[in-house]
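Quick caveat: nothing in here was measured; it's all calculated off a predicted structure.
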Amino acid sequence: MKKCGRVEHPPSGRVLEVSSTEPGLQVYTSYYLDNVQGKAGATYGQFSAFCLETQHYADSVNHDNFPSTILRPVFTSGPEKAAYYRDIKRQKEKERQLKKYDKNKVLYNEKKQLKRRERRTEEPLRAALKKQIYRRQKKDEFIKKKGKRVETNRKKKDYRNNMKLKQNEIEGIDFENNLTAFQSRTQKHRALQKLKNSLPKTREKRATLISSYLSDTKSPTVALIHKFKKIPTPEDLKSIKMAEAVLSDMKDIVNDTKHKRTNDARATVNIMSAAVNVENVQKSKCRIQLSKKLGFNVRRMSQGKRIRTKVLTTEVSAWTFTSRKTRSDALSEDIKRKIYEYWISPDNSPPTANKNDIKRERLGPKVYTSHMKHVLEKTQTEVYISFKEKYPDLNISQRLFERLKPYFVVPKTEVSIHVSVIYRHPIENLDGPSDPEVNGGLVEEKFIVLSPDQVHDHNFSHEAQRQIADYLKSINYDMKTMHEFTDGCATQYKSRHCFGDLSYAKQDFGFNIVRNYFETSHAKGMANQADVIVVGAGLSGLSAAKLLHEKGIEVLVLEARDRVGGRTFTEHNPKVKYVDLGGAYVGPTQNRILRLADEFGIDTYLTNEVEDVIFYTKGKSKRFTGTFPPMGSFLAYMDMNNLFRLIDKMGEEIPLEAPWDAPKAKEWDSVTVKEFLDNNVWTAAAKAFATCFVQVNVTSEPYEVSLLWLLWYVKCAGGFCGSSAIDDEDAIIGFTMDNVNPDGSCPALMGFILADKARTLSVLSRDERKQRIGELYAKVFKSDQAKHPIHYEELNWPAEQWSGGCYTTMMPPGFLTKFGSELRTPVGKMYFAGTETATEWSGYMEGAVQAGERSAREVLTEMGKLSASEIWQTEPENKRVKSSPFPSSFMSRHLPSVPGFFGLLGSVGIVSAGVLAAVLYQRHLR
């Protein structure tokens, strides 16, 4: 501080001295004071006062020779100074990256424009060059394919020759041309002559002997002769006989029909001639012999071949080749399509919108088509008339129009049968003093047919009224007025069945008819009258309804789902007996949910925490006990311990009922948890575990969550408590617990897919998620059996329409301070509950019960049944599940932070150096 100014007033002896660290001093002369009234009636005019203000030089930011106006903070500790300069460094790096990005973007745009100009100028040349290259490639491909084809044909030819040689080697002797069995033809001739000489002399004996020898099926020589088809086998003889029989029958048919002139006869001859002149007949070159056997000439056989080829390769409609001309009144495909679309238009036949009303038709192998069934709103005649009115130029008959109706358009059921049972009042002299509900006397039971035809329905109604009037006259009952009750729902089809003119009643029946309309439940709503309506049958809604009911209030609970429980859901099936797929776990200090469990006789059991916990990270599984997993270093453990101690300390400043009223609420609500971790966590291992802690406890990522909301959320649960998780980027499960039933049956694991991983995996199928979870557990537990679970259950909570996720609703930065005070504020007669509005165990089942009972007491207070001081009530501790404080060691309470630890090391080093210097100095003096 330096003196920078002094003012003296000699008459009064007053002196004003100004000291400052600023380089400049500005004087205010009160030039604009104009008889301003001050205290005690004093008046201040122009130049009656002055003011001295210490400050920097004006416009100093634009003059380098002036002192700087940048305010530098005064640091009280090393970490604050380090954090400050780290922020400045990050800001400068960010600005440098932005400048680099802008510069690269400009260069990229310039290069892009240059490429466009080059492309425009070189486009014709490039197209010609591309075309030339394409032609050359095609030519090379053709030459290559041709070479391959020649090589393939050569290989096929060599293969066939080799196969023939092998076949000759296997089959052995060729009786006519092969000389390998004999050394020469002379030798073969001599052997044949010798065989003839050994046979009997007469032809009969010779034939008998040879036939007997050839009939021996066990002889290898005879089998070889049969193999080379030199003589027919018994099976060949049967086939020959069968073929001769077929040819004989076909010849008889040809002879009967070839001279006739009918279409059927002509078609028969065409089919016969085309059927026998196919590839095998042509290969065997027996067409002439076959034509003689069938009574055809060769020319006719050739004509049959042409007929068969034409019929099988063209769209000829018959074998008779009847030439037909296209009708002049035939409909085009466009007209048929127009008629088809008119039939299925919403005005004529809207779809039923029922999943069961789907027509499925097979078009081919594994090819199907499906159509939603349409129902006609009009008669087919009405549809045809409206079509003719819309398209008067199209000349089409009604019969053809109806034939073009799609097969999945069905007529609407136009008749409904209503059963009317009518009772009369008991008459004492006819029925006696009996119970009218038992012996009331049935007047008549009628089936009244109702349809869209109002005249038809009017006649039926009139007939039913006439029969009732005749019966009443037969018992001498004096009728003055008859009341008719009918459904008058304006939104249902039955409203049009309230027909008929009642003015005829007096003339026809002698009494008046009064028609009374009433609304059914589907039109008017629930007929129940309730004092309070609870919307939502979750734990909050059911808790509120239960408390109101106990106070004698009529309550109606509405639920959109087909079940109650909200975000709690228990699956029952023979495989697992039962398994909770929603809220399931309770603990000490959750006294309200424990009280309800005791009240309804629901047993609780301890989860399995006897064995070690497995922490899976970077592809390795590590066992541990205690609060924290193996952190890898003492610094990481120290960092983690300091973080959670800091969270609990900051939470002490937050009021549970109104966290937005905390002294630093706005500051903390403007920061995400990720930013908080970046500024207060120094080691990568501690930051990874803290990220996993946020994901497990609030099912969100740190960059999404407000720091104020997380501090309040942790405080609602009583402070920090340890958790264990799977910390791996590739792992889809974030947290797993032993979920074995208390009796030891159905061993199971309960896993949670959290935050961003849940959003990513929700698009996969159920089987894909099951496969990936099994592969992960196989790595964690080092067992391939995990890939093949006996049973698998899952519930995709983000896909639940009325939940949208779980466990709780995350609040982003800025939300709690702006809208938090409105969470529990009633709107008119509407009061709000839900676990997010709780002040204890928010996000848990305990918080849901507290919020529901609190809202019920607010309603009771509004109804005058409770005082305002009774709305918030504490819950006594549960006698069965008692709470105990978390154990904390001396080390966990007094371990310094990482910056503090290094600061301590620095201080110790300085003191040690000072002591060493003093010792050396003393020795020097001696």
Side-chain angles (χ1 to χ4, degrees), residues 1-77 80-81 83-85 87-88 91 649-671 675 706-709 711-712 811-828 839 861 867-869 871-872:
M1 298 285 287
K2 296 181 180 179
K3 291 183 179 180
C4 58
R6 176 182 174 86
V7 180
E8 297 181 356
H9 188 243
S12 62
R14 289 179 292 174
V15 177
L16 173 63
E17 292 183 349
V18 180
S19 298
S20 175
T21 58
E22 299 296 330
L25 183 68
Q26 185 169 349
V27 180
Y28 294 90
T29 61
S30 66
Y31 178 81
Y32 293 101
L33 287 180
D34 187 12
N35 298 325
V36 177
Q37 295 294 325
K39 294 182 179 180
T43 302
Y44 299 97
Q46 190 176 23
F47 305 120
S48 61
F50 68 92
C51 175
L52 302 179
E53 180 183 0
T54 61
Q55 62 179 18
H56 275 264
Y57 296 153
D59 200 26
S60 60
V61 294
N62 296 320
H63 298 275
D64 296 335
N65 57 336
F66 287 1
S68 175
T69 58
I70 298 177
L71 299 179
R72 303 289 182 182
V74 178
F75 301 106
T76 59
S77 64
E80 292 181 357
K81 186 176 182 180
Y84 172 78
Y85 284 107
D87 291 342
I88 292 177
Q91 184 65 25
K649 184 177 180 180
M650 295 170 69
E652 294 175 358
E653 303 181 27
I654 299 176
L656 286 175
E657 295 79 9
W660 46 88
D661 290 338
K664 299 181 180 179
K666 290 186 178 181
E667 178 185 348
W668 291 344
D669 200 30
S670 63
V671 178
E675 294 172 336
S706 162
L707 174 62
L708 176 65
W709 180 77
L711 295 173
W712 173 75
M811 296 187 186
F815 185 89
L816 201 57
T817 52
K818 290 182 180 179
F819 309 108
S821 59
E822 304 298 326
L823 287 176
R824 296 187 294 266
T825 303
V827 177
T839 59
T861 301
S867 61
S869 60
I871 294 177
W872 293 94

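- Side-chain atoms of D669 come within 3.5 Å of backbone N or O of G814 as a donor-acceptor pair.
- Checked by atom type and distance alone, the side chain of Q46 never pairs as donor or acceptor with a backbone atom of D34 at under 3.5 Å.
- To the nearest 0.5 angstrom, W668 atom CH2 is 13.0 Å from T817 atom OG1.
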Using the side-chain contact (heavy atoms from CB on, under 4.5 Å) rule, take T21 and K2 through it: C-alpha gap first, then chi angles, then the decisive distance, then the call. CA-CA 6 Å; T21 58; K2 296 181 180 179; over 6 Å; no
Should T839 and R824 be marked as a side-chain contact (heavy atoms from CB on, under 4.5 Å) after you check the CA-CA gap, both sets of side-chain angles, and the distance that decides it? CA-CA 11 Å; T839 59; R824 296 187 294 266; 3.9 Å; yes
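- Environment of CZ in F47: crowded, with over 12 heavy atoms of neighbouring residues, nucleotides or ligands closer than 6.0 Å.
- In plain terms, the two heavy atoms of L33 and S48 that are nearest each other are CD1-OG, 3.9 Å.
- For the pair R6 and V18, the minimum side-chain heavy-atom distance is 4.5 Å or more.
- The side-chain contact (heavy atoms from CB on, under 4.5 Å) test with W712 singles out one residue from P659, P655, S706, and that residue is P659.
- To the nearest 0.5 angstrom, L16 atom CG is 12.5 Å from H9 atom NE2.
- G5 approaches L25 most closely through the heavy-atom pair CA-CD2, 4.3 Å.
- Expressed to the nearest 0.5 Å, how far CD of E652 lies from CG of L711 amounts to 11.5 Å.
- Atom CD in E17 sits 12.0 Å away from atom CG in L52 (nearest 0.5 Å).
- Here the CD-NE2 distance, from Q26 to H56, works out to 13.5 Å after rounding to the nearest 0.5 Å.
- Of the inter-residue distances, the one linking W709 atom CH2 with W660 atom CH2 reads 14.0 Å to the nearest 0.5 angstrom.
- Scanning both residues, S19 and K3, for their nearest heavy atoms gives OG-CG, 3.7 Å.
- Nearest heavy-atom pair across C4 and T54 is SG-CG2, 3.9 Å.
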